[in-house]
Amino acid sequence: MSRVHRVPLGRGVEWEFDKVTFSREFPRNVVTKLLVERAEHGGWELDRVRITPDGTRRVVLRRKIIRAVRTA
């Protein structure tokens, strides 16, 4: 399950965030492979990982969106 939202960084630049949750049944190496796959093919980078007391991993990925600004 993932959610994507965008945050403006400055003029013409935005960060897009994707929140992904992995249950405790996924081994560490499987989670690593899934995240590497998203990074290589989607342009995502790791922003934050939180492991809850019940073993669930909550991962926040981000990527920069650069919009072209019109010039006169």
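- T56 OG1 to R50 CZ: the interatomic distance, rounded to the nearest 0.5 Å, is 12.5 Å.
- Linking Ile, Leu, Val, Met, Phe, Trp and Tyr whenever their side-chain heavy atoms come within less than 4.5 Å leaves V36 and V31 in two separate clusters.
- Taking every heavy atom of both residues into account, R57 and F26 meet most closely at NH1-O, 3.2 Å.
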Where do V20 and L35 land on the side-chain contact (heavy atoms from CB on, under 4.5 Å) test, with the steps shown first? CA-CA 10 Å; V20 185; L35 293 175; 5.5 Å; no
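- Taking 4.5 Å as the limit, some side-chain heavy atom of L61 sits within range of a side-chain heavy atom of L46.
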Test side-chain contact (heavy atoms from CB on, under 4.5 Å) on R63 and W15 and set out the steps. CA-CA 6 Å; R63 65 179 166 188; W15 283 107; 5.6 Å; no
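- A distance of 11.5 Å separates CZ in R62 from CH2 in W44, rounded to the nearest 0.5 Å.
- For R58 (side chain) and T52 (main-chain N/O), no donor-acceptor pair under 3.5 Å exists by modelled atom type.
- Under the rule for a side chain to side chain contact (heavy atoms under 4.5 Å, CB included), the partners of V60 that lie at least two apart in sequence or sit in another chain are F17, K19, D47, R48.
- The CZ atom of F22 sits 9.0 Å away from atom OG1 of T32, with the distance rounded to the nearest 0.5 Å.
- For R24, the side chain to side chain contact (heavy atoms under 4.5 Å, CB included) criterion is met by no residue, not counting sequence neighbours.
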